[in-house]
Colleague: 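Could you have a look at this structure, given as structure tokens, before my questions?
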Amino acid sequence: MSASTTTPAAAAPAATDGPNEKNGANPVVTQVNPYGPHPSDYLSNVSGFQLIESTLREGEQFANAFFDTEKKIEIAKALDDFGVDYIELTSPAASEQSRKDCEAICKLGLKAKILTHIRCHMDDAKLAVATGVDGVDVVIGTSQFLRQYSHGKDMNYIAKSAVEVIEFVKSHGIEIRFSSEDSFRSDLVDLLNIYRTVDKIGVNRVGIADTVGCANPRQVYELVRTLKSIVSCDIECHFHNDTGCAIANAYTALEAGAKLIDVSVLGIGERNGITPLGGLMARMIAADRDYVLSKYKLHKLRELETLVAEAVQVNIPFNNPITGFCAFTHKAGIHAKAILANPSTYEILNPSDFGLTRYIHFANRLTGWNAIKSRVDQLNLNLTDDQCKEVTAKIKKLGDVRSLNIDDVDSIIRDYHQSVTTPALNPVDDADLPAIKKQKTEAATNGTNGASA
Ligand SMILES: CC(=O)SCCNC(=O)CCNC(=O)[C@H](O)C(C)(C)COP(=O)(O)OP(=O)(O)OC[C@H]1O[C@@H](n2cnc3c(N)ncnc32)[C@H](O)[C@@H]1OP(=O)(O)O
Ligand SMILES: O=C(O)CCC(=O)C(=O)O
Ligand SMILES: [Zn+2]
């Protein structure tokens, strides 16, 4: 176990008012969140977004995914408990079991609305409405690639079948969303025409999908802004992560006025997946902590990710936002000192918001005397600052030879403490410290890394 601190929430830095600073007086402090909605984004939904959770649809398209009915139900309940607004399920047209699972999840009586995701086709629409879902997400490719190589239909056909499917679903009194697949490689005029058409007949939402993960935030901002001026319904966005922009694109879409973002747990989906739920939560809590905490049970995130990771047999990545094993671990001495003084110095997220703890990793040669002093205090030992500096030098000396673990550091500290409190019994010369001698010998033969987070 490493030393840990439990100091208060990470807060955004305060803006200061310049003129007072000039006179050398204390600056007037105005609390603003520079990571929050920008005042010029008057259409922004950064403080009013909703989640369409698609682990049980897009996530089922992840290479490793197979969810039996029981697992789907367990995941659906966990998502609902977390607080997602919608749960999107695989099309009932995919297989007989998919259809039955859809029905079973609809009967759970969850708070989240249940959606299923279908092609723009009457056969699929009929199956979908019969499952008892709260809404249907309809999609059809509009890019040249998909029109040529996927369904082979032109824009007139797409518009005609979209109207037919939408009116059918609406006639059943449930929600309907129309989305263009591969939106960012579609002709803008085609896109705006089809969205205008479906908006006029009254869809709940239109969707923009970055199906191949090609879009960058600037393109997202422009497309969402343009669409926002064309339709009156809500806008939903779906971002693949092929070029690493899925979270940034989702955030930018909200800034531009989209309201709903498609996510999946750990981002699982086709290829390397979509905007991850946890990563988006990290981004959004930095922007509007109160809103995020009021809606989502963030302390359930790790449990939820573990559930899905185990179900699809992957590990949670070490660098995952929030739940990566080192997401709140601070190592270098300069960082550790400042974190001990005020965690906000090096943290934009507060681990306690997620039911997690921060760690100071001091068992290494990058440590500093402030971190070691904190460990000395935790061990209930009494050393002066100068003594802490001296013992830190000994720790670094061993850390130059091999990686350290906490027991190494603790025993160096304890030996040193004894040597300074009862010097006659314990000579201070570190060359004679048996622990170091022994470890130097071991280091030549054994590369074990005992440092722990
Ligand atoms: C980008 C996305 O992730 S979209 C969602 C993807 N989800 C899925 O594919 C769900 C799982 N899919 C399946 O189980 C199957 O693909 C099914 C049941 C949907 C279709 O299976 P099949 O009839 O055997 O067709 P297949 O999968 O080979 O080809 C897709 C068919 O859908 C048609 N199609 C593709 N997209 C659309 C669309 N958005 N709207 C209408 N038709 C479409 C294609 O033209 C093709 O039909 P064709 O065989 O008559 O040419
Ligand atoms: O329905 C949508 O909006 C998205 C479909 C999809 O998964 C994609 O285009 O990548
Ligand atoms: Zn997708």
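The chain is numbered in sequence order, starting from 1. Counting starts at 1 for both ligands and their atoms, following the listed order.
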Colleague: Any side-chain donor paired with an acceptor under 3.5 Å for Thr90 and Glu60?
Modeller: yes
Colleague: Is Arg57 paired with Asp137 through a side-chain N to carboxylate O contact shorter than 4.0 Å?
Modeller: no
Colleague: State plainly whether the residues Asp234 and Arg177 are in salt-bridge range, i.e. N to O under 4.0 Å.
Modeller: no
Colleague: Please tell me whether Phe354 and His299 form a close aromatic pair, meaning their ring centres lie under 6.0 Å apart.
Modeller: no
Colleague: Salt bridge check: are Asp85 and Lys259 linked by an N-O gap of less than 4.0 Å?
Modeller: no
Colleague: Is it true that the side chains of Ser180 and Ser183 contain a donor and an acceptor less than 3.5 Å apart?
Modeller: yes
Colleague: Between the side chains of Asp101 and Thr69, is a donor N or O closer than 3.5 angstrom to an acceptor N or O?
Modeller: yes
Colleague: At a cut-off of 2.8 Å, list the protein N/O/S atoms near the Zn ion (ligand 3), residue plus atom name.
Modeller: Glu58 OE1, His238 NE2, His240 NE2
Colleague: For Glu58 and His117, which I'm curious about, is there any donor-acceptor pair between the side chains at under 3.5 Å?
Modeller: no
Colleague: With a 3.5 Å distance limit and no angle check, can you tell me whether Ser186 reaches the backbone of Asp182 through a side-chain donor-acceptor pair?
Modeller: yes
Colleague: Whether the Asp377 and Ser374 side chains hold a donor-acceptor pair (N or O, under 3.5 Å, no angle test) is what I'd like checked.
Modeller: no
Colleague: Which protein N or O atoms sit under 3.5 Å from any N or O of ligand 2? Give each pair with its distance.
Modeller:
residue: ligand 2; atom: 1 (O); partner: His117; partner atom: NE2; Å: 2.6
residue: ligand 2; atom: 1 (O); partner: Arg177; partner atom: NH1; Å: 3.3
residue: ligand 2; atom: 1 (O); partner: Arg177; partner atom: NH2; Å: 2.7
residue: ligand 2; atom: 3 (O); partner: Arg177; partner atom: NH1; Å: 3.1
residue: ligand 2; atom: 3 (O); partner: Ser179; partner atom: OG; Å: 2.6
residue: ligand 2; atom: 7 (O); partner: Arg57; partner atom: NH1; Å: 3.1
residue: ligand 2; atom: 7 (O); partner: Arg57; partner atom: NH2; Å: 3.0
residue: ligand 2; atom: 7 (O); partner: Glu58; partner atom: OE1; Å: 2.9
residue: ligand 2; atom: 7 (O); partner: His238; partner atom: NE2; Å: 3.0
residue: ligand 2; atom: 9 (O); partner: Thr211; partner atom: OG1; Å: 2.6
residue: ligand 2; atom: 10 (O); partner: His238; partner atom: NE2; Å: 3.1
residue: ligand 2; atom: 10 (O); partner: His240; partner atom: NE2; Å: 2.9

Colleague: Donor-acceptor pair, Thr367 side chain versus Asn364 backbone, under 3.5 Å?
Modeller: no
Colleague: How would you list, by chain and number, every residue that makes a side-chain contact (heavy atoms from CB on, under 4.5 Å) with Asp290, sequence neighbours excluded?
Modeller: Asp288
Colleague: Using a 3.5 Å cut-off on N/O to N/O, what pairs does ligand 1 make with the protein? A line per pair would be great.
Modeller:
residue: ligand 1; atom: 3 (O); partner: Arg57; partner atom: NH1; Å: 3.4
residue: ligand 1; atom: 3 (O); partner: Gln61; partner atom: NE2; Å: 3.0
residue: ligand 1; atom: 32 (O); partner: Arg119; partner atom: NH1; Å: 2.8
residue: ligand 1; atom: 39 (N); partner: Val139; partner atom: O; Å: 2.8
residue: ligand 1; atom: 40 (N); partner: Cys120; partner atom: N; Å: 3.1
residue: ligand 1; atom: 45 (O); partner: Ser150; partner atom: O; Å: 3.4

Colleague: Does the pair Glu175/Lys113 count as a salt bridge with the N-to-O cut at 4.0 Å?
Modeller: yes
